[in-house]
Amino acid sequence: MLVTKNSMIEKKKLSPIIIALDYQDPEQAIYFSKKISPQQCQLKIGQELFIKSGVFLVNYLHKKGFKIFLDLKLYDIPNTVKRSVYAIKKLDVWMFTLHIHGGKSMMLSARSALNFHKKNTPKIIGVTVLTSMNILELNHIGINTSSMLNHVIKLSVLAKKCKLDGIVCSPWEAKSIRKLFGKNFIIITPGIRPKRMYYDDQKRVMTPREAIRSGSDFLVIGRPITRADNPYMILKKILSDINN
Ligand code: C5P
């Protein structure tokens with residue numbers, strides 16, 4: 001209960017933006033971080049940067065005051081995931097991800113590695129279906145559903161049962177998940193594109209303003225900001241669009 005309250009308070013005072021630092025080079029990520037502030041956004045470190053510069057980059061950005069969302073999307077046997085979570089715990093990150101498709105035993109094992117009631121325990125976020133996937137691609141991997149929403153809901157229910165703190169889904173599913181689970185479940189949505197921007201490989205997409213109105217707590221935004229000619233101006237514009 002205590003944690004639930006804490007996450008509510010925390011959600012309210014943080015920026016709704018998480019920038020995906022999907023740079024090839026850790027130096028580019030460091031350069032970028034010097035031009036923005038922890039009041040404007042949190043930062044997401046994904047597999048590429050973590051493989052290249054892992055703990056060093058996490059520590060550097062922590063010293064600058066940024067909260068780190070470690071997006072490694074764990075997916076392995078329960079024992080291996082549990083040991084990875086022990087290692088992640090030492091990094092003091094704000095949140096990290098695992099794939100809900102890894103199953104109940106895997107998620108429970110991850111949960112058991114962390115003390116649910118302790119303040120500043122990293123939050124465990126379950127990835128439902130990648131926002132780059134549509135129903136056809138789900139069918140290709142043997143998931144025979146005709147409704148993306150139903151599948152995402154099914155996965156979210158399982159994540160909640162395993163006491164995960166929240167999920168990643170597309171903004172298209174956020175409204176239904178919010179309705180089902182209420183305010184205390186963290187909903188994070190990638191697949192964000194400001195109007196008239198190229199979708200890249202994303203398929204289930206919404207604008208920042210629409211995604212927030214649909215019930216997302218945090219928007220993960222990468223290329224629309226990091227590949228812009230003036231990323232700092234785009235970040236400010238997105239923040240002002242959301243707030244007005
Ligand atoms: O550049 P873009 O805004 O498309 O980046 C989205 C980020 O969100 C990427 O870092 C990607 O790994 C991540 N992500 C996603 N879909 C998920 C989970 C994470 O696109 N379901």
Side-chain angles (χ1 to χ4, degrees), residues 7-8 10-12 14-22 40-44 46 69 71 73 94-101 123-138 143 145-160 164-228 234-244:
S7 47
M8 276 270 292
E10 197 176 73
K11 277 198 309 192
K12 274 189 184 147
L14 293 176
S15 160
I17 308 278
I18 301 174
I19 298 185
L21 288 178
D22 291 331
Q40 290 176 298
C41 60
Q42 291 70 239
L43 298 176
K44 179 173 95 70
F69 178 29
D71 186 23
K73 299 190 179 71
W94 170 47
M95 310 203 262
F96 70 91
T97 50
L98 48 73
H99 271 291
I100 301 174
H101 279 112
K123 301 202 184 312
I124 311 180
I125 304 295
V127 176
T128 56
V129 178
L130 298 172
T131 42
S132 56
M133 290 180 92
N134 56 20
I135 201 79
L136 207 69
E137 280 177 283
L138 265 192
I143 297 167
T145 177
S146 55
S147 163
M148 179 64 78
L149 177 62
N150 284 349
H151 188 61
V152 170
I153 288 176
K154 226 187 251 174
L155 292 170
S156 306
V157 168
L158 188 62
K160 179 101 167 124
L164 264 55
D165 299 285
I167 52 134
V168 178
C169 63
S170 97
W172 289 94
E173 295 102 36
K175 202 176 223 161
S176 307
I177 305 287
R178 178 65 68 217
K179 222 174 176 179
L180 273 173
F181 298 124
K183 281 181 186 160
N184 298 333
F185 198 56
I186 302 171
I187 300 178
I188 301 176
T189 57
I192 304 297
R193 289 294 179 271
K195 266 188 195 140
R196 290 182 289 279
M197 248 191 209
Y198 181 52
Y199 282 13
D200 301 289
D201 49 357
Q202 296 287 12
K203 295 204 175 86
R204 293 165 22 246
V205 169
M206 248 187 215
T207 68
R209 196 180 154 88
E210 287 166 344
I212 289 290
R213 304 269 177 295
S214 298
S216 312
D217 293 303
F218 299 105
L219 314 180
V220 173
I221 311 180
R223 290 161 288 185
I225 293 176
T226 55
R227 294 218 186 132
I234 298 279
L235 172 58
K236 277 190 190 154
K237 166 123 185 38
I238 291 175
L239 281 167
S240 112
D241 282 353
I242 289 172
N243 292 324
N244 294 312

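Small disclaimer: the values here were computed from a predicted structure and weren't measured.
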Measure the shortest side-chain to side-chain distance between Ile212 and Pro16 over non-hydrogen atoms and say whether it is less than 4.5 angstrom. yes

Applying side chain to side chain contact (heavy atoms under 4.5 Å, CB included) to Asp71 and Phe96, what does each step give before you reach the verdict? CA-CA 6 Å; Asp71 186 23; Phe96 70 91; over 6 Å; no

Show the nearest heavy-atom pair for residues Ser216 and Thr189, with the distance to one decimal. OG-OG1, 2.9 Å

Shortest non-hydrogen pair, Ile177 vs Ser156, comes out as CD1-OG, 3.3 Å

Side chains of Ile18 and Cys41: does their closest heavy-atom pair fall under 4.5 Å? no

Heavy-atom neighbours of Lys203 NZ exceed 12 at 6.0 Å: yes

Result for side-chain contact (heavy atoms from CB on, under 4.5 Å) between Phe69 and one of Leu43, Ile19, Thr97 points to Thr97

Check whether any side-chain heavy atom of Ser15 sits under 4.5 Å from a side-chain heavy atom of Gln42, and report yes or no. yes

Search all heavy atoms of Thr226 against all heavy atoms of Ala20 and return the closest pair with its distance. CG2-O, 3.7 Å

For Asp217, is there an ion pair with Lys183 - N to carboxylate O distance below 4.0 angstrom? no

The criterion is side chain to side chain contact (heavy atoms under 4.5 Å, CB included); which residues satisfy it with Leu130, sequence neighbours excluded? Lys73, His99, Val127, Ser132, Met133

Look up atom CD1 in Ile186 and atom CE in Met95, then write down how far apart they are to the nearest 0.5 Å. 5.5 Å

Nearest heavy-atom approach of Gly215 to Ala174 is C-CB, 4.4 Å

Listed partners of Thr145 passing side chain to side chain contact (heavy atoms under 4.5 Å, CB included), at least two apart: Ile135, Leu138, Ile143, Ser147, His151

Main chain of Ile153, side chain of Asn150: is a donor-acceptor contact present, judged purely on distance under 3.5 Å? no

Taking atom CD of Gln40 and atom CD1 of Ile17, what is their separation to the nearest 0.5 Å? 10.0 Å

Would you say that Leu219 contacts Met206 through its side chain, given a criterion of any heavy-atom pair below 4.5 Å between the two side chains? no

Going by distance alone, is a donor N or O of one side chain under 3.5 Å from an acceptor N or O of the other, for Glu173 and Ser176? no

So which heavy atom on Asp165 is nearest to which on Lys123, and how close? OD2-CA, 3.2 Å

Tell me, with the steps shown, if Leu149 and Trp172 meet side chain to side chain contact (heavy atoms under 4.5 Å, CB included). CA-CA 8 Å; Leu149 177 62; Trp172 289 94; over 6 Å; no

Pair Arg209, Asp241 - check salt bridge (Lys or Arg N to Asp or Glu O under 4.0 Å), show working. CA-CA 6 Å; Arg209 196 180 154 88; Asp241 282 353; over 6 Å; no

Tell me if a side-chain donor or acceptor on Arg204 pairs with a main-chain N or O of Pro190 at a distance below 3.5 Å. no

Count the heavy atoms of every other residue, nucleotide or ligand shown that sit under 6.0 Å from NZ of Lys160, and state whether that count exceeds 12. yes

Above 12 or not: heavy atoms from other molecules or residues under 6.0 Å from CZ of Arg213? yes

Hey, which of Ile192, Leu21, Leu235 is the one that makes side-chain contact (heavy atoms from CB on, under 4.5 Å) with Ile225? Leu235

Student check: side-chain heavy atoms of His101 and Leu155 closer than 4.5 Å: yes

Can you name the nearest heavy-atom pair linking Ala228 to Ile234, along with the distance? CB-CG1, 3.6 Å

Answer whether the closest heavy-atom distance between the side chains of Leu98 and Leu164 falls below 4.5 Å. yes

Ile125 vs Phe218 side-chain heavy atoms within contact, under 4.5 Å: no

